[in-house]
Structures are given as C-alpha cells and as structure tokens.
Amino acid sequence: MVSVQRQDGVPKVLTVAGSDSGGGAGIQADLKTFNTLSVYGTSVLTAVTAQNTVGVQGIFPVPSEFVEQQMRSVLEDIGCDAAKTGMLFDASIIKSVANLFKTFAVSHVVVDPVMISTSGARLLNQDAVAALRDCLIPLSEILTPNIPEAEVLTGMKITSLEHVRDAARELHSLGCRYVLVKGGHMPLDDARGPVDINDEEACKTARIVDILFDGKEFVEYNNPYVATRSTHGTGCTLSAAITAGLAMGLKVRDAVNGGIQFVSNGLLTSFAIGKGSGPLNHFPSEFALTANRSSPKKRQSFVQMLKSTCPKEWDAYVNHKFVQQIGDGTLPIKCFKHFIRQDYIFLRHYARANALASYREHEMEQIVKAAQIVAYIGIECQMHVKFCEEWGVSLDELESTVEATPNLAYTRYVLEKGMSGDRLDLRVALGPCLIGYGEIGMRLASDPATKREGNPYWPWIQNYAKAEFQDAVTEGTEILETLFEEMVPASNTKRIAQLCDTFRQATILEEHFWEMGLSLLP
Ligand SMILES: Cc1ncc(COP(=O)(O)O)c(N)n1
C-alpha cells in the first residue's frame, strides 16, 4: 500500500466569471493562471460563451439561483482566501454574488468590471452597471477597470494620465479599498502623451502606465508597451494573478506588481493561436518542455526579454553619439583618449568580475570557461596598450590614469551585484557590456556609412567585430540563457523583474561611460 500524505496550507482562490470556450479569457484564463502560480483554483460559472479568438458567437447565462448554488457549494466546503469576479452578465447575478460574499465574509475580493470583450461583444447588460457600482464595488479590495470601463463607471472621458488620476479618485469614492486603472488602452510617449495605437513606430518605444490608488497615494507601474495582437484575456489574467497574490498573503502593491509582471511576461511570449486576437501565455515553457511535445514553444530568449524591457536605455547606449562619431571618424581624439584610458581601468575590473564568475561556478567546465574569459581580457589589455601607443597614449599615461566617477560607478556596480547576488545576477550585470559592444562592433563594421580609410578608430571597430569577440558574445549569451532556464521559473515574476532592473541599470551606466568620453567637449 502506498500511504498518501495530504498537504494542507495551499492558498485557495475562487473565480466567479464566464466560460470562454476558446480558452484565452474568463474562467479558463483564471484557472490557468491559478495553476501556474500554485494556488488552488475553484470556479463559479456565471455564463457560458461560445467564443474564440475572433469573437463571441453566443452567450448562455446561468440563472442567478444556480450561480448562488455553486458559490454555496464552494464556500461551505472549501472556502477561499481570496476571490475575483469577471464577466457577471446581469444585475441579478451581481446581486447574488455580492450577497454571498457578504454572507461568507470573503475578505479579499478583486472586481474586474468586465463589460465588453476585446472582440467587441457585450458581456455585461447595460442596466447592470448600476448594480455593479452599488452592490459589488463597495465590497471589493481592488477594482481593476481598464480605461473604457473606467469611462463607463465614471462617465468621464479619459485621454491623459491626469484624467486617469481623476477617474481613480472618483472610482475610489464608490467604496473599493484600492482602484487599479490599467493603461493598456493608452500607450504613452516620452512626454507621457498618448500615442496612436496604430502608429507602429511610436508604439515601439511607448510605455504603459497602470495607476493604483488607495484614496491617498498614487502608485505608478511603468512598463514597456508590448506590441502584440495576442491580448485576449489580459484583464482576466491580471486580476487572477493579483487575486492569487493576495491569497498568498502578499501586500496589495506587491500583488499588483507581480500580476503586472506575470501579464507582461505572458504577452511577450503570447501564442499565435486562432485567426483573431490570440491568448497570452499562461504557463512557463519548462512544463511544455518536460511534456516533450514535438515542437515545444520555447519562451522568448532571456536576452531579448532583458533588452525589450529597457528599449530606450538600450538605444541610448548602443546608438550613442560617441559610437556614431567612432563610426564616421569625427570623434575628437582627446575624447577618445580620455575614454580609452578609462577603458583600460575598466578592463581590469571587468576581468575581476569575470574571475568572480569563475569562482561562483560549480562545474569544472564552467569554471575553466569563465577563467578563459579572464585570460582573454588579459590579452585584450595588452592589445589595448599597443593600440594606445598608436593613438598617442603611452603605457605610463595608461598606468597613471585616475579612475573617473562613471567608471567607478559602473565597475563597482557590477562587482557589487556579483558579490551580493548569485551567479545569474552577476552575469546579467556583465551582460550589457559584452552584448552591447558585440552589437556595436558588428553594426559599425557592416554599415556602409562607417569610414574605414583614414578613420583612426577603424581598428577599434574591427576589434569588436572580429570572430573571437563575437564568439565570446555568443558564449556569454548562451550562458545567460542556460542559467535563466535552470534558475528562474517563468512564474517567478518578482525575480524576473529584478534581473531586468539590473540589466537596465548596467545599460544606463554604459551610456554614462560614453557620456564621460564626450564630457571633454567644450
Ligand atoms: C468569458 C469572458 N470573460 C471575459 C472576457 C474579456 O476578455 P477580453 O477583453 O480579453 O476579450 C471574455 N472575452 N470572455
């Protein structure tokens, strides 16, 4: 006989929502999200929809008495640590749900005021908005409207962040403890003005701002706009992830942040399923891989993800004026000399960081590989000395250079990440330098606009375009991908956000390094 040990303590989460036969939104999105986030999901159906990625072909509402019966079945026996609502269809269902939340004193209620589907179908009767506002919203811990829903609930027109804040105040006065107004329908540009959603170029650098308001303070969640058609189920998934976070005992701000990261990750790796707006990805790819599917969908490359979460910073770094002037040979030599002297110091610390990476490895093969990079940097350093002679910088000058603050900030930031974090933190902090110089070298070397003849910096360009360096970039990238795959489950959105932040910070420090080079200009 095999004896079974029953586990207790798993957080229990209830969703009260409609069924989406296409599996991307509604109950299906909620349960998938609960599963991925390791909470136990229960479900009460309010309506059955015949639906796919193209649209909603039919709605079959469940009578409110039967919604009540389902809720009693779940709450009398299993209970719940947090609950969410999605599509509620009509006023009588809303009233039943609200009454039972009160009867069973459900403490964490997230209300996603679903009204119209992405495909344009009405999922809440027009005359039910008042019931939502009067009966359910006052019971909610968090209300999560998107902009069109916030407009319906407040009667306001929202076209700016200021309007979003005004609407949040108004919505909070309806009695919810927090309101999260989601900015997905209003991508913003640098000046935080709305961007035309059809303007592909502008959307590339746009940001989404979600605003959380607790009646006193506004918290902004800024994220890059993810340009994908597969957005079906985004709102359901976000509210489900937040509810799971609350059931786990997270604070509202952390649950919201985790939910937003979960959705961003799901959008970045969304599925091209169906002919219309496909679903986002609700589950980490390692499950697909262990199930050994014939063509497992790998999650988006880690490095791609790191770069896509700081597009502006990455662009400011790899397309910096300093880089352009190296390419066309117009960079004043005094700026380059200043840079190259600092770079000599940089290489020393860069070698130390790589030696630390070697120390942090466990397998001999990896220890040796990392140590080989240190040796390679040593050779690079000697070449540096040789090059510098050609540019009129003597070894004495190199050796007597005083370290500039941006250099100090950058190199010690990387080393500090390596000391305080794990080997992935260190590799991520090292990433922008290796990957960025590889990208810059390749681009300048293949760009017809780059000056070769008579460009004093042409050997510098070749140095980073050459095969050995590019191989080192490939290898460094592979290490990052492998470590990420091994160490970070896709559901650990907090960790992913942390890593993205380290990468962004190191990218900014790279940009400052170029700035330091140009700072000698009058
Ligand atoms: C059953 C159900 N619930 C919610 C939505 C909203 O999701 P979306 O706005 O992504 O269409 C939906 N389409 N279907």
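Just so you know, ligand 1 is whichever comes first in the structure, and atom 1 is the first atom listed for that ligand. Only this structure's heavy atoms are used, side chains among them; waters, hydrogens and symmetry mates stay out.
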- Could you list which atoms of ligand 1 come closer than 4.0 Å to a heavy atom of Ser117? 9 (O), 11 (O), 13 (N)
- Val97 pairs by side-chain contact (heavy atoms from CB on, under 4.5 Å) with which of Val106, Leu139, Val67? Val67
- Under 30°, 30 to 60°, or over 60°: which ring-plane class applies to Phe213 and Phe218, parallel, tilted or perpendicular? parallel
- Ring centroid separation for Phe302 and Phe503, is it under 6.0 angstrom? no
- Find all atoms of ligand 1 within a distance of less than 4.0 Å from any non-hydrogen atom belonging to Met87, and give their numbers and elements. 1 (C), 3 (N)
- Report yes if Asp20 has an N/O atom closer than 3.5 Å to an N/O atom of ligand 1; otherwise report no. no
- Would you mind checking which non-hydrogen protein atom is closest to atom 8 (P) of ligand 1, with the distance to 0.1 Å? Thr118 OG1, 3.0 Å
- Query: Non-hydrogen atoms of Cys236 versus ligand 1: any pair closer than 4.0 Å?
  - Reply: yes
- Task: Heavy-atom contacts with Gly18 under 4.0 Å: which atoms of ligand 1 show up? List them by number with element.
- Result: 1 (C)
- Item | Side chain Gln470, main chain Gly438, donor-acceptor under 3.5 Å | yes
- Query: So, does Ser21 use its side chain to make a donor-acceptor pair with the main chain of Gln51 at under 3.5 Å?
  - Reply: yes
- Message: Residue-level breakdown please: for His232 versus ligand 1, do any non-hydrogen atoms fall below 4.0 Å on the side chain, on the backbone, on both, or on neither?
- Response: both
- Query: Does some non-hydrogen atom of Ser19 fall short of 4.0 Å from ligand 1?
  - Reply: yes
- Message: Test your reading of the structure: does Gln51 have an N or O sitting under 3.5 Å from an N or O of ligand 1?
- Response: yes
- Selected option - heavy-atom contact closest to atom 10 (O) of ligand 1, from Ala25, Gly233, Ala47, Gly24: Gly233
- CA sep, side-chain torsions, deciding dist, call: Tyr410, Trp514, ring pair (Phe, Tyr, Trp, His ring centres under 6.0 Å): CA-CA 12 Å; Tyr410 185 19; Trp514 295 137; over 10 Å; no
- Task: Indicate, as side chain, backbone, both or neither, the part of Leu123 found under 4.0 angstrom from ligand 1 when only non-hydrogen atoms are considered.
- Result: side chain
